[in-house]
Amino acid sequence: MTMLSPLSAPIHRAAWQQALANAVRDPAVLLERLSLPREWLPSAQRGAKLFPLLVPESYLARMTPEDAHDPLLRQVLPLDVEAESPPGYSVDAVGDDAAQIAPGLLKKYNGRALLITTGVCAVHCRYCFRRHYPYAESPRQLDDWQPALDALAADDSIHEVLLSGGDPLALTDARLFALIEQLETIPHLRRLRIHTRLPIVLPERITPSFIERLSESRLTPWMVIHANHARELTGDCADVVRLLVRSGITTLNQTVLLRGVNDSVTALVELCERLIDLGVMPYYLHQLDRVNGTAHFEVPEETGRTLMTELRKRLPGYAVPQYVREIPGEAHKTPLV
Ligand SMILES: *Cc1c(COP(=O)(O)O)cnc(C)c1O
Ligand code: SF4
């Protein structure tokens, strides 16, 4: 056995970081891997210029080759229609600018504040409401978070911090744990909520050390995962979601109602059933935020209401999410039924 000196030791990269580095970023590769028509390439390339393609292998593996309507593919495939911005659509549809109380810290609602921890995600969802967020101006490292931490410490009405992004789990453990440690020193904070899509798209990220860190925190952890379709919650994704739940971490799910992805009774019933089978509570069904480039995903509110009526007939009460939309300036997400 050879002893490696610290200098000659290979740089350690967590498995999930390697998986993120290996994610598919080229539209031609995506089409080829799924045996989809080459003719789609120009449209995909134009869409990818507006917001780059990004899809990890784990998520890609859950798509069905040759299926043009695959609900997972639809969420990540760039299209040239994303260049359209119909009336009513903008770059800041949910009033994030006005809600900023410190760099990267948004406070819209009583008792809770949302920290934009990073602009990085492990997947680029075409419907993303933050696809135009000025992330470059947001904090990147611990020092940059200081004004936000000071603002949190100065406002003792805040009891819950939401880590958002981008995706907070795109941060390395070193950064994430350092941030959590800082939050734990603020006496009036009681809960830590993590909004993330990484259990869905990059399950490798849910490591034992991450779960352990959350479990031992002084702050009560709440996880909100973002799954939009039952087919996402299979294989390695289902394994880590089960692991989270069995580790005692309360886990909720938030879904965006998306045309061509989950705008049917069957798709939503299957999604909610799958979630409760895994021990996850369906929390919100979100009406799409009207952000430029996403109009082709919009489902009329009327259709959403009809879908909710059908969900109530088919599911246990606790499995029915709240159908809401975000209206800038309102004191809470606005219920639509
Ligand atoms: C959506 C959101 C929250 C969370 O709202 P809940 O109804 O508690 O889930 C908190 N802060 C901001 C800025 C938000 O946009
Ligand atoms: S993971 Fe969330 S923030 Fe990132 S692209 Fe998807 S919807 Fe947007």
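Ligands are counted one by one from 1 in listed order, and the atoms in each one are counted from 1 as well.
- Between Glu184 and Arg213 there is a salt bridge, with a side-chain nitrogen of the basic residue lying less than 4.0 Å from a carboxylate oxygen of the acidic one.
- Atoms of ligand 1 found under 4.0 Å from any heavy atom of Leu162 (numbered from 1 in listed order, with element): 3 (C), 4 (C), 10 (C).
- Near Tyr283, with a cut-off below 4.0 Å to any heavy atom, the atoms of ligand 1 are 6 (P), 7 (O), 8 (O), 9 (O).
- Using a 4.0 Å heavy-atom cutoff, Lys333 is listed among the residues neighbouring ligand 1.
- Remark: the Tyr323 side chain and the Gln287 side chain contain an N/O donor-acceptor pair separated by less than 3.5 Å.
- Using a 4.0 angstrom heavy-atom cutoff, Glu326 counts as in contact with ligand 1.
- Distances between N or O atoms of Tyr109 and those of ligand 1 include no value under 3.5 Å.
- Just one residue in the list Asp289, Asp92, Asp96 forms a salt bridge (Lys or Arg N to Asp or Glu O under 4.0 Å) with Arg130, and that residue is Asp96.
- Side chain of Arg197 to main chain of His226: a donor-acceptor pair is present (N/O by atom type, distance under 3.5 Å, no hydrogens or angles).
- Of the N or O atoms in Tyr284, one or more lie within a sub-3.5 Å distance of an N or O in ligand 1.
- The parts of Cys125 lying near ligand 2 are both backbone and side chain, judged by heavy-atom distances below 4.0 Å.
- Put simply, the side chain of Asp67 gets close to the backbone of His69: a donor and an acceptor are under 3.5 Å apart.
- A salt bridge links Glu82 to Arg131: at least one charged side-chain nitrogen sits closer than 4.0 Å to a carboxylate oxygen.
- Annotation: the span from Ile225 atom CD1 to Leu275 atom CG amounts to 6.0 Å, rounded to 0.5 Å.
- Protein heavy atom closest to atom 12 (C) of ligand 1, with residue, atom name and distance, is Leu114 CD1, 3.7 Å.
- Set against the non-hydrogen atoms of Cys121, the atoms of ligand 2 under 4.0 Å away are 1 (S), 3 (S), 4 (Fe), 5 (S).
- Contact annotation: for Arg112 versus ligand 1, heavy atoms closer than 4.0 Å belong to the side chain alone.
- Using a 4.0 Å cutoff on heavy atoms, Arg193 counts as a contact of ligand 1.
- Of the possible donor and acceptor atoms, one in the side chain of Thr309 sits under 3.5 Å from a partner among the backbone N and O of Arg305.
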